[in-house]
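Only one structure is covered here, and it is reproduced in the block below.
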Number of protein chains: 2
Amino acid sequence: MSNVTIKDVALLAEVSVGTVSRYINGYQLKAGNRKKIEKAIEELDFKINPLARGLRSSKTFTIGVLIPRISDVFCTQVIEGIEEAMASLNYSILICSSNDSVQQQTDKMNGLMDKCVDGIIVMPVSSNEWSWRGSSDNRIPIVLIDRLVRECEWDAVVSDNVNGAYSAVEMLINHGHRKIGIIAGPQNISTAQERLTGYMRALNDYNIVVNDDYIVYAPYTKNGGIEAVNRLVGLTDPPTAIFSTNHPTTVNSLKVLMEKELVIGNQISLCGYDQTELFQMFTPPISVVVQPARDMGISAATTLMKRINGDYEGFPLIKRLKTQLIATSSVKKI
Amino acid sequence: MSNVTIKDVALLAEVSVGTVSRYINGYQLKAGNRKKIEKAIEELDFKINPLARGLRSSKTFTIGVLIPRISDVFCTQVIEGIEEAMASLNYSILICSSNDSVQQQTDKMNGLMDKCVDGIIVMPVSSNEWSWRGSSDNRIPIVLIDRLVRECEWDAVVSDNVNGAYSAVEMLINHGHRKIGIIAGPQNISTAQERLTGYMRALNDYNIVVNDDYIVYAPYTKNGGIEAVNRLVGLTDPPTAIFSTNHPTTVNSLKVLMEKELVIGNQISLCGYDQTELFQMFTPPISVVVQPARDMGISAATTLMKRINGDYEGFPLIKRLKTQLIATSSVKKI
DNA sequence: TTGTAGGCGTTATCAG
DNA sequence: CTGATAACGCCTACAA
């Protein structure tokens, strides 16, 4: 064990522990003493003990990150952004997966609090009100990412889902499509709601009557995508284009359409959500709305740090990052 | 702040703090006292303070996980396995990315040690000897995953790369291929070495002369894949089949071959590494060697826990998990 | 600007 | 089996 303490440093530097502590915490001190302390620290290879420090100051220089699923590409990119931003500030990140379960979300959230993290970034499983005991006592900053939660006054970083979806649907319309199906996702998730709003708004702006049969509320999972597409193409008057509003459903829409040997960009048009290298390698490549996942992570980390440092300016702050539309020949001009 | 301490519990339960502490740590005590303490804990909503506990016992119930890149699909699945295994034991995981840099790997490793984690799982950037000061003093258990490191006596969990590659090449041979190119990866990574060994061994077993032109040592990155494929198909006597030995290079091999409009499974055969749903959706689907990433994570976590709990049986233990070959029509019968 | 000493919440060592 | 008490390493009044 590297059991060097400030006491050892103090001894070697011939000052008191108080002075060493002050040095560590960046207080002013006599140049001579500073030198001696630096030398001693170097010589002894002193490392501050975060446990002892945390015990006194209740700061751990650690944040918690809670996401629905670690193996999800989108989540992964978000985390990468968070890690990048936090590492440069010497903060560590404790990662938890709620496995798409509200129960686990609550449990892991409590677990994170119990670990005395300085703040939490959470991508909620659902956007329903979130009764959570922790919110009342222990007051550490929390930043939502990707999804908002009803009735929760927390900072949040999301992408502009309404306009992201709008741009996709508008593109479909501009390509001549009038019968546009949407895999709308569960409406207890804010992103799904907002994307549906974008869809509605685009249809509205272009005077297209909404056909309820074209709106399928599917869970944001593999099976959700599969069933939704089956439903849509099985209609007596099926849509000519499908807009799938998240990544897993897009993957599986694609899968089903290919299995049915419907030629994409010809017999059926498809626009999806979230970027994957591989989407662009199909023939034709798949049109998608791309979210700035990494930047969302960085932004959430930055906001959280502001709060941790006591700056509560503009609380609660909701940051909306713009999406980008990749339009390809997976959408036919008709 | 949930500032309830064992002192408060002791007061309410009318016992001493020592007794409460013993209760927490599962020692035997008089049934009456146990009851009273349980009631007090419940009533006060007492939570143990991990900082204070850690300060005394130098156990944090936290492990570090250090990987080359968070957004890599393989890494992600590994982490998911680790998280699953650790969460059930009430351990937290601190995650760091070395961003494929040896320097960062050392830095983050030290950072983890400084955070007093109880153990570390690391997927090393390279397999070269790893001079690392931490290994001498602070003796916490470390488990390597996916890649071995030369001269390091550490436990490790890897996949059976030699036989994984062997099975792929053997399949190619059985399909009639004799001119088999390999994108072999940098030889300072054990997985790359071993997969090349599998390739060699298969050729040898089937009496096929090794053609050095068919072996391309490319970095395990996008560009590595691109350049390697270009080299192979540009040969005057190009291979009829290509074996790409990791995921990013496989993705990009695929990309280049498609751009060149070489029909896979016909003009050129391809076998890759690591599973992605999307690989199976191309026409034809892509043959791949699949590693049990999630299980590797679970296994590494289990091994680490054994060591943390003081069980050093069989140290250093190298566990090799079997791979699975998915053979598709991306490989032509000739 | 510096030294001293008390305390953060636990655990561990003693006696009892 | 239990109670009292001294650590664990650091921070922060307070006094000098």
Side-chain angles (χ1 to χ4, degrees), chain A residues 1-38 40-41 44-62 90 113-118 137-138 140 310, chain B residues 1-38 40-41 44-62 90 113-118 137-138 140 310:
Chain A
M1 282 293 247
S2 177
N3 261 337
V4 183
T5 74
I6 55 170
K7 212 164 159 184
D8 302 314
V9 175
L11 227 60
L12 184 59
E14 297 174 301
V15 295
S16 75
V17 291
T19 308
V20 177
S21 175
R22 279 177 217 112
Y23 167 79
I24 291 172
N25 292 285
Y27 287 81
Q28 205 75 49
L29 42 88
K30 219 161 61 184
N33 284 338
R34 140 169 282 101
K35 272 264 170 54
K36 285 197 289 184
I37 291 173
E38 275 164 355
I41 286 180
L44 298 171
D45 189 30
F46 164 78
K47 305 280 164 151
I48 203 163
N49 181 324
L51 266 35
R53 169 180 260 196
L55 182 56
R56 278 292 322 208
S57 57
S58 33
K59 281 213 49 172
T60 54
F61 294 91
T62 301
N90 247 305
M113 306 282 322
D114 294 346
K115 281 275 180 170
C116 304
V117 294
D118 295 342
D137 22 311
N138 217 328
I140 66 164
Chain B
M1 282 294 247
S2 178
N3 262 335
V4 182
T5 75
I6 54 170
K7 215 165 158 184
D8 303 312
V9 175
L11 226 60
L12 184 60
E14 298 173 300
V15 295
S16 75
V17 291
T19 307
V20 178
S21 176
R22 278 178 219 114
Y23 167 78
I24 291 172
N25 293 285
Y27 288 80
Q28 204 77 49
L29 40 88
K30 219 161 60 185
N33 285 337
R34 143 169 278 103
K35 272 262 169 57
K36 286 197 288 184
I37 291 175
E38 274 165 356
I41 286 181
L44 299 170
D45 189 31
F46 163 78
K47 305 281 164 151
I48 202 161
N49 182 322
L51 267 37
R53 170 179 260 194
L55 180 56
R56 275 296 321 208
S57 57
S58 34
K59 281 214 45 170
T60 54
F61 294 91
T62 301
N90 248 305
M113 306 281 325
D114 294 346
K115 282 274 180 170
C116 304
V117 294
D118 296 341
D137 24 312
N138 217 328
I140 65 166

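Heavy atoms only: backbone and side chains are in, while hydrogens, waters and symmetry mates are out. Letters A, B, ... are given to chains in the order of the sequence lines, protein chains preceding strands, and every chain is numbered from 1.
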* Asked: Would you call B/Phe46 and B/Leu12 a side-chain contact if the rule is heavy atoms closer than 4.5 Å?
  -> no
* With nearest nucleotides of DNA chain C determined for A/Leu29 and B/Lys7 from heavy-atom distances, which residue corresponds to the more 5′ nucleotide? -> A/Leu29
* Structure fact -> A/Tyr23 OH to C/dT2 P, in whole Å, measures 13 Å
* Estimate the overall bend of the helix from C/dT1-D/dA16 to C/dG16-D/dC1 from the end axes over five pairs each, rounded to 10 degrees. => 40°
* Structure fact -> Protein-proximity profile, nucleotides 11-16 of chain D, B/S/- by nucleotide at the 4.0 Å heavy-atom cutoff, equals BBB---
* Give, for atom OG of B/Ser57 and atom CG of B/Asp118, the distance between the pair rounded to the nearest 0.5 Å. => 8.5 Å
* Asked: Just wondering, do A/Ile37 and A/Thr19 contact through their side chains at under 4.5 Å, heavy atoms?
  -> yes
* Interatomic distance where CG belongs to A/Asn49 and P belongs to C/dT10 [whole Å] -> 17 Å
* To do: Quickly work out the B/Leu44 CG to C/dG9 C1' distance and round it to whole Å.
  => 15 Å
* To do: Check whether any side-chain N or O of B/Lys59 sits under 3.5 Å from a backbone N or O of B/Arg53 as a donor-acceptor pair, and report yes or no.
  => no
* Side-chain N or O of A/Thr19 closer than 4.0 Å to phosphate OP1/OP2 of C/dG3 -> yes
* Structure fact -> Separation of D/dG3 atom C1' from B/Asn33 atom CG, nearest Å, is 11 Å
* To do: To the nearest 0.5 Å, tell me how far A/Leu55 CG sits from A/Asn49 CG.
  => 9.5 Å
* To the nearest Å, how far apart are B/Lys59 NZ and C/dA12 C1'? -> 16 Å
* Asked: Would the number of heavy atoms belonging to other residues, nucleotides or ligands and lying under 6.0 Å from NZ of A/Lys35 be above 12?
  -> no
* Look at the side-chain N and O atoms of A/Ser16 and state whether any lies under 4.0 Å from the OP1 or OP2 oxygen of C/dG3. => yes
* Asked: So, is B/Asn3 close to the C/dC8 phosphate, meaning a side-chain N or O under 4.0 Å from OP1 or OP2?
  -> no
* Partner of A/Val20 by side-chain contact (heavy atoms from CB on, under 4.5 Å), out of A/Thr5, A/Leu11, A/Val15, A/Leu29 -> A/Val15
* Starting from the C-alpha separation in whole Å, work towards a yes-or-no answer on side-chain contact (heavy atoms from CB on, under 4.5 Å) for A/Asp45 and A/Val4. => CA-CA 8 Å; A/Asp45 189 30; A/Val4 183; 5.9 Å; no
* Within the side chain of B/Ser21, is there an N or O that forms a donor-acceptor pair under 3.5 Å with the backbone of B/Val17? -> no
* To do: Please report, rounded to the nearest Å, how far the P atom of D/dA7 is from the CG atom of B/Leu55.
  => 14 Å
